[in-house]
Amino acid sequence: MSIEVSYYENFQEIKKKIWLMLSDAITNRKSSFRIPVFICGEQSDFDGRIVVLRQTDKDNKIVQFHSDIRSDKIKKLKKNTNAAMLFYDKEEKIQVRLKVECIVNYSNEVTKESWSKTQHISRKCYLVDSSPGSESSTPTSGLKPELDNFEFTKEQSEDGYQNFTVVQCKIKSMEWLYLAAKGHRRAMFDLEKNKENWLVP
Ligand SMILES: Cc1cc2nc3c(=O)[nH]c(=O)nc-3n(C[C@H](O)[C@H](O)[C@H](O)COP(=O)(O)O)c2cc1C
């Protein structure tokens with residue numbers, strides 16, 4: 001049995017659906033779109049990792065996530081600001097691929113605002129002494145024992161701000177793939193040229 005969906009063959013409805021899924025992911029912890037793969041790098045050295053989608057701004061075509069300024073991906077982004085994001089919702093049978101250009105925000109109004117909304121549990125990630133990805137001779141969380149629980153104070157958590165960064169991803173293009181029994185559909189949206197076209201799935 002197939003269920004008719006408004007976005008099957010309609011560019012405007014597809015775009016609407018993509019933005020709906022992206023914005024829902026910000027507050028809906030069960031959304032698959034909440035944890036996309038973020039891919040960046042250079043010619044012979046690029047990789048992907050899961051991040052948490054923290055904000056979407058449809059008017060400015062921006063999605064954003066948080067990270068540690070010392071992490072490998074930030075080093076890569078400093079050399080090449082072009083990156084990609086990959087989303088898949090198994091229930092909806094929808095894959096979205098974004099090509100983006102990144103702005104790494106550090107110690108500015110954007111980070112200040114996001115940090116103020118960052119919860120106690122999430123602030124913990126930014127309290128590790130050594131850079132994420134640095135080698136350790138023992139299995140470790142990277143945290144000092146006194147911080148390795150949730151008993152650290154709000155004041156102590158403020159130390160994490162020095163490592164906190166907000167990566168804003170300006171969307172250049174969105175590619176949509178919808179898997180349907182009656183026939184898959186694939187579309188490309190060029191947000192820079194404001195152009196859209198169908199692709200063979
Ligand atoms: C569910 C989940 C959510 C994650 N969210 C983030 C995130 O929002 N930001 C981030 O920098 N890393 C996040 N990570 C960790 C990254 O996937 C990655 O391991 C880490 O950032 C180091 O990557 P890098 O060395 O490429 O910088 C998350 C991992 C998982 C499994």
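Worth knowing before you read on, the calculation uses all heavy atoms, side chains too, and leaves out hydrogens, waters and symmetry mates.
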(message) Quick check on the hydrophobic clustering: are Phe11 and Tyr178 connected, directly or via other members, by side-chain heavy-atom contacts under 4.5 Å?
(response) yes

(request) For the pair Val104 and Gln168, evaluate side chain to side chain contact (heavy atoms under 4.5 Å, CB included) and give the outcome as yes or no after the intermediate values. (result) CA-CA 7 Å; Val104 177; Gln168 288 179 311; over 6 Å; no

(request) Taking the side chain as every heavy atom from C-beta outward, state whether Asp129 and Lys144 have any atom pair closer than 4.5 Å. (result) yes

(request) Please work out whether the ring planes of Trp176 and Tyr7 are parallel, tilted or perpendicular, with thresholds of 30° and 60°. (result) perpendicular

(message) When you measure from the side chain of Glu158 to the backbone of Glu155, do you find a donor-acceptor pair of N or O atoms at a distance under 3.5 Å?
(response) no

(request) Report yes or no: does Asn60 contribute a side-chain atom to a donor-acceptor pair with the main-chain N or O of Ile62 at less than 3.5 Å? (result) no

(message) Would you say Trp198 ends up clustered with Leu177 if hydrophobic residues are merged whenever their side chains have heavy atoms under 4.5 Å apart, either directly or through other cluster members?
(response) no

(message) Would you say Ile18 ends up clustered with Val51 if hydrophobic residues are merged whenever their side chains have heavy atoms under 4.5 Å apart, either directly or through other cluster members?
(response) yes

(message) Working to the nearest 0.5 angstrom, can you tell me the gap between Lys61 NZ and Glu101 CD?
(response) 13.0 Å

(request) Would you indicate whether Lys170, at its atom NZ, is surrounded by more than 12 heavy atoms from other residues, nucleotides or ligands within a distance under 6.0 Å? (result) yes

(message) Count I, L, V, M, F, W, Y as connected when their side-chain heavy atoms are under 4.5 Å apart, and connections chain through other members. Are Ile39 and Val52 then in the same cluster?
(response) yes

(message) Are the side chains of Pro132 and Lys73 in contact, using a 4.5 Å heavy-atom criterion?
(response) no

(message) So which atom in Cys40 and which in Leu77 form the shortest heavy-atom distance, rounded to 0.1 Å?
(response) CB-CD2, 3.9 Å

(message) Just so I know, are the side chains of Ile94 and Met21 near enough to count as touching, which here means a heavy-atom distance under 4.5 Å?
(response) yes

(request) Flag the pair His66 / Thr118 as yes when at least one side-chain heavy-atom distance between them is below 4.5 Å, and no otherwise. (result) yes

(request) Answer whether the closest heavy-atom distance between the side chains of Lys90 and Ser32 falls below 4.5 Å. (result) no

(message) Looking at Ser107, is its backbone amide N or carbonyl O close enough to the side chain of Thr111 to form a donor-acceptor pair, meaning the two atoms are under 3.5 Å apart?
(response) yes

(message) Against the six-membered ring of Tyr8, is Lys182 placed for a cation-pi contact (under 6.0 Å from the centre, within 45° of the normal)?
(response) yes

(request) Could you check Phe65, Trp115, Tyr106 and say which one makes a ring pair (Phe, Tyr, Trp, His ring centres under 6.0 Å) with Phe164? (result) Trp115

(request) With rounding to the nearest 0.5 Å, note down the distance linking CG in Asn163 to CG in Leu127. (result) 8.0 Å

(message) Looking at every non-hydrogen atom in both residues, tell me the closest pair between Val37 and Gly48 and how far apart they are.
(response) CG1-CA, 4.0 Å

(request) Locate the shortest heavy-atom distance separating Lys124 from Leu143; write the atom from each residue and the value. (result) CE-CD1, 3.3 Å

(request) To the nearest 0.5 angstrom, please state how far the CG atom of Leu179 sits from the NE2 atom of His184. (result) 5.0 Å

(request) State, with a plain yes or no, whether a side-chain heavy atom of Val63 is found less than 4.5 Å away from one of Met85. (result) yes

(request) Considering non-hydrogen atoms only, spot the tightest contact between Asp89 and Glu91 and give its length. (result) OD1-N, 3.0 Å

(message) Please report the interatomic distance CG(Leu22) to CG(Asp57), rounded to the nearest 0.5 Å.
(response) 11.5 Å

(message) I'd like to know if the side chain of Asp190 and the backbone of Ser173 have a donor-acceptor N/O pair within less than 3.5 Å.
(response) no

(message) Measuring from atom CD of Gln162 to atom OG1 of Thr165, what distance do you get when rounded to the nearest 0.5 angstrom?
(response) 13.5 Å

(message) A quick test of your reading: do over 12 heavy atoms of other residues, nucleotides or ligands sit less than 6.0 Å from CD of Glu42?
(response) yes

(request) Given side chain to side chain contact (heavy atoms under 4.5 Å, CB included), test Ser67 with Phe38 step by step and report yes or no. (result) CA-CA 12 Å; Ser67 197; Phe38 177 78; over 6 Å; no

(request) Go through the steps for Tyr161 and Tyr126 under the test ring pair (Phe, Tyr, Trp, His ring centres under 6.0 Å), then give the verdict. (result) CA-CA 7 Å; Tyr161 185 62; Tyr126 304 96; 9.7 Å; no

(message) Evaluate Arg70 against Ser131 for side chain to side chain donor-acceptor pair (under 3.5 Å), listing each step before the verdict.
(response) CA-CA 5 Å; Arg70 301 165 296 174; Ser131 308; 4.8 Å; no

(request) Treating Ile, Leu, Val, Met, Phe, Trp and Tyr as nodes and any side-chain heavy-atom pair under 4.5 angstrom as an edge, say whether Ile26 and Met174 lie in one connected cluster. (result) yes

(request) Might you point out which heavy atoms bring Arg49 and Asp47 nearest each other, and give the distance in Å? (result) NH2-OD1, 2.5 Å

(request) Taking the side chain as every heavy atom from C-beta outward, state whether Leu53 and Ile35 have any pair of such atoms under 4.5 Å apart. (result) no

(message) Quick test of your reading of the model: are Lys17 and Glu13 salt-bridged, counting only N-O distances below 4.0 Å?
(response) no

(message) I'd like to know if the side chain of Lys16 pairs up with that of Asn10 as donor and acceptor (distance under 3.5 Å, no hydrogens or angles considered).
(response) no

(message) Would Arg54 and Lys117 count as a side chain to side chain contact (heavy atoms under 4.5 Å, CB included) here? Give the steps.
(response) CA-CA 10 Å; Arg54 296 290 181 183; Lys117 293 184 200 151; over 6 Å; no

(request) For salt bridge (charged side-chain N to carboxylate O under 4.0 Å, His left out), just list the numbers for Glu9 and Arg185, CA-CA rounded to whole Å, side-chain angles, deciding distance to a tenth of an Å, and then say yes or no. (result) CA-CA 8 Å; Glu9 294 186 327; Arg185 289 291 182 270; 2.7 Å; yes

(message) Take a 6.0 Å sphere around NZ of Lys75 and say whether it holds more than 12 heavy atoms from other residues, nucleotides or ligands.
(response) yes

(request) List the atom of Ala84, the atom of Val100, and the distance in Å for their closest heavy-atom pair. (result) N-CG2, 4.2 Å

(request) Output the distance between atom CD1 (Ile14) and atom CE (Met188), rounded to the nearest 0.5 Å. (result) 12.5 Å

(request) Kindly say whether Val110 contributes a backbone atom to a donor-acceptor pair with the side chain of Glu113 at under 3.5 angstrom? (result) no

(message) Tell me whether Arg34 contacts the main-chain N or O of Ala25 through its side chain, where contact means a donor paired with an acceptor under 3.5 Å.
(response) yes

(message) Donor-acceptor pair, distance only, cut-off 3.5 Å: does the side chain of Ser136 make one with the backbone of Pro139?
(response) no

(request) Could you tell me whether Lys99 and Glu175 have a side-chain N and a carboxylate O separated by less than 4.0 Å? (result) no

(message) Looking at Lys76 and Asp45, is there a salt bridge between them, counting it only when a charged N and a carboxylate O are closer than 4.0 Å?
(response) yes

(request) Report yes if the side chains of Phe33 and Tyr88 come closer than 4.5 Å at any heavy-atom pair, otherwise no. (result) no

